[in-house]
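Beneath this line is the structure, given in structure tokens, with notes to follow.
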Amino acid sequence: MSKHIFVTGGVVSSLGKGLTAASLALLLKKRGYRVKMQKLDPYLNVDPGTMSPYQHGEVYVTVDGAETDLDLGHYERFTGDACNKKSNFTTGRIYSAVIERERRGDYLGKTVQVVPHITNEIIAAICSLDSPDVDIVVTEIGGTVGDIESLPFLEAIRQLRQEIGRDNGLFVHVTLVPFVKAAEELKTKPSQQSVGILRTIGILPDMLVCRCEKPLGEDHRHKLALFCNVEPTLVIEARDVAHSIYELPLELARQDMDVYVLEKLRLHVHDLDVTDWKKMLHRLIRPANGEVEIAVVGKYIGLRDAYKSIYEALTHGGVASDVRVRFRMVESEDVEAKGAEAVLGGAHGILVPGGFGNRGIEGKILAAQFARERNIPYFGICLGMQVAVMEFARNVCGLKHANSTEFDEKTPHPVIDLMEGQKGKDKGGTMRLGAKPCAIRPGTRAESIYGRREISERHRHRYEFNNSYRETFEKAGLCLCGLSPDNALVEMVEIPAHPWFLACQFHPEFQSTPLDPHPLFASFIAAACAQRKG
Ligand code: GLN
């Protein structure tokens with residue numbers, strides 16, 4: 001049977017619960033255990049796929065095509081293991097399943113209730129990850145204890161732990177220990193109260209992870225231990241890390257968090273080998289080759305979470321070249337208003353990430369043009385490929401007003417068009433989603449970057465390159481360097497005459513990890529280094 005760790009959060013959101021869960025999972029994996037991770041989200045959307053980036057940040061896509069919470073990106077980047085459809089459940093998804101069953105008559109005339117029907121469905125979702133190949137399942141409960149909508153989830157994990165016993169289930173509570181300036185002191189009261197709420201539900205946390213900006217002294221540790229009913233060694237300090245989120249696992253390991261977890265779960269404590277992680281971190285924090293600057297041109301620029309995996313993958317690319325990557329976050333509307341030179345000049349590389357909708361689209365097209373004409377490395381991802389194609393159509397192929405039908409249904413040259421099969425579909429979960437194979441054309445830059453001709457990358461889009469323009473583009477110098485194996489879809493384009501101009505319909509950022517930077521990001525950053533040298 002798999003053992004379970006439940007991670008809850010208290011006092012406020014954004015405490016880094018997901019990072020804590022991911023760091024712990026990494027340490028357990030490095031100690032020789034097979035770990036699976038999962039996030040339970042209390043909101044009513046069936047998945048975050050339909051939510052605005054303002055609400056939710058990036059939508060992370062799994063290999064099997066689930067649109068999920070961005071914490072799953074942390075899970076994959078830290079552990080290097082792929083998540084799947086079972087790795088993220090929301091209240092909406094749980095209720096949908098129960099209501100569907102009710103309509104089928106599966107409950108045989110019973111009154112269908114939150115307890116036991118919803119809670120049982122949640123327990124089944126958690127246990128769906130149990131398997132003989134999984135030693136430990138780490139389940140993060142989204143939201144904050146005390147939220148009305150969290151209750152069924154907390155009740156479910158309470159029941160599950162009761163069922164499997166103390167040796168097989170562990171409660172980790174991530175909480176805030178704020179520093180109050182006026183008193184010059186860390187305050188433990190909010191954490192005591194949050195643990196108090198957990199207790200009224202019947203959950204006694206085994207371990208506290210205390211987010212704080214100043215070191216947690218011995219006195220605070222003992223106070224928290226005493227009033228929250230945990231052993232003092234199980235009060236873990238999670239101080240704001242100085243340089244990188246990837247420092248957190250080592251911080252937790254320094255306090256033997258993983259050792260205590262294994263002891264509590266009555267599992268053998270094998271040696272911990274984090275040499276590769278330390279080496280990566282050293283390159284990340286003290287790179288030998290200085291810094292390059294990458295302009296990321298998007299429309300949610302103040303919102304770092306909206307392009308989370310992009311920034312992470314760029315950082316990983318920096319690790320590969322032993323260089324620090326600085327981000328210049330550019331509002332695409334600013335490119336329209338101020339001109340490309342003013343906002344993009346001096347950047348060593350330009351990246352246009354994925355996106356939807358009209359706002360700022362012309363600015364993204366201008367960014368692609370600026371990169372192409374000035375020989376600046378350009379990396380287009382999903383919408384970033386589509387704008388590169390539109391730009392090339394207008395300014396190289398001479399196709400006036402070329403556009404995507406997403407932005408102009410009446411364009412004379414719909415070089416990007418709605419995919420067959422996407423017409424008239426509902427909004428939720430219906431895009432072309434998940435990992436698909438792609439065949440790379442021999443002799444291209446893409447081939448030399450990947451070092452192979454068959455790849456698999458993750459998708460999330462409705463529109464695609466319009467095949468009736470293939471010849472026009474090839475003749476004008478845009479190489480269609482990646483195609484779906486059945487030759488139906490253009491997945492990657494490059495300009496051979498440019499130092500580094502490559503764009504893809506898929507999202508390589510979802511498959512990059514700090515220990516294994518994605519080849520496209522590594523190569524793009526290497527090109528940016530060359531650009532910096534001039
Ligand atoms: N809006 C475009 C499409 O649906 C691009 C999507 C994306 O960038 N993820 O095809």
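Residue numbers start at 1 and run along the sequence shown. Here the structure is a predicted model, which is why all the values come from computation and not from measurement. Each ligand, and each atom within it, is numbered from 1 in the order the structure gives.
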Practice prompt. Answer yes or no: is there a donor N or O on one side and an acceptor on the other, between the side chain of Asn466 and the main chain of Pro414, under 3.5 Å?
Written response: yes

Discussion item. Test: ring pair (Phe, Tyr, Trp, His ring centres under 6.0 Å). Region: residues 328-366. Which pairs qualify, not counting sequence neighbours?
Written reply: none

Worksheet item: Any sub-3.5 Å donor-acceptor pair from Asn88's side-chain atoms to Lys39's backbone N or O?
Response: yes

Practice prompt. Please confirm whether the backbone N or O of Tyr246 pairs with a side-chain atom of Trp277, one donor and one acceptor, at under 3.5 Å?
Written response: yes

Worksheet item: Considering only heavy atoms, which protein residues lie less than 4.0 Å from any atom of ligand 1?
Response: Gly354, Gly355, Phe356, Cys382, Leu383, Gln386, Glu406, Arg460, His461, Arg462, Tyr463, His507

Worksheet item: Can Glu464 and Gln505 be said to form a side chain to side chain donor-acceptor pair (under 3.5 Å), step by step?
Response: CA-CA 8 Å; Glu464 62 157 9; Gln505 190 52 70; over 6 Å; no

Worksheet item: Between the side chain of Glu494 and the main-chain N/O of Arg445, is any donor-acceptor distance below 3.5 Å?
Response: yes

